[in-house]
Amino acid sequence: MSGQLGPKLLLNALEAAELLGVSDTTIRELWGAGHLKFVRIGKGRKVTRAELERFITEHEEVAS
């Protein structure tokens, strides 16, 4: 049934880490350092896909 709703709007650390190809510890460190915004739901933290895209865009580098 969740397939009919489309992709999740909020991702936990494990899901975000899988999308970015990093560890969930890295996601938590980015949250802790204030580099990645999150939404608090209960005791947990979630990140939006838009926030992951913003982070990638702002940290892209070009070799010089």
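Predicted model only: the values in this text are computed from it and were never measured. Only heavy atoms go into these numbers, but all of them, side chains included; no hydrogens, no water, no symmetry mates.
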Checklist entry - Distance-only, no hydrogens or angles: does the Arg49 side chain make a donor-acceptor pair with backbone N or O of Lys8 under 3.5 Å? => result yes

Item to check | Lys37, NZ: over 12 other non-hydrogen atoms inside 6.0 angstrom | outcome: no

Item to check | Check: Glu15 side chain, Asn12 main-chain N or O, donor-acceptor pair, under 3.5 Å | outcome: yes

Checklist outcome for this item: Apart from Leu52 itself, its cluster of hydrophobic side chains linked below 4.5 Å comprises Leu11, Leu19, Leu20, Val22, Ile27, Leu30, Trp31, Leu36, Phe38, Val47, Phe55, Ile56

Checklist entry - Do you know the tightest heavy-atom contact between Gly32 and Arg45? => result N-NH1, 4.4 Å

Next on the checklist: Can you give me the closest heavy-atom contact between Arg54 and His35, atom names plus distance?
Outcome noted: NH2-O, 3.0 Å

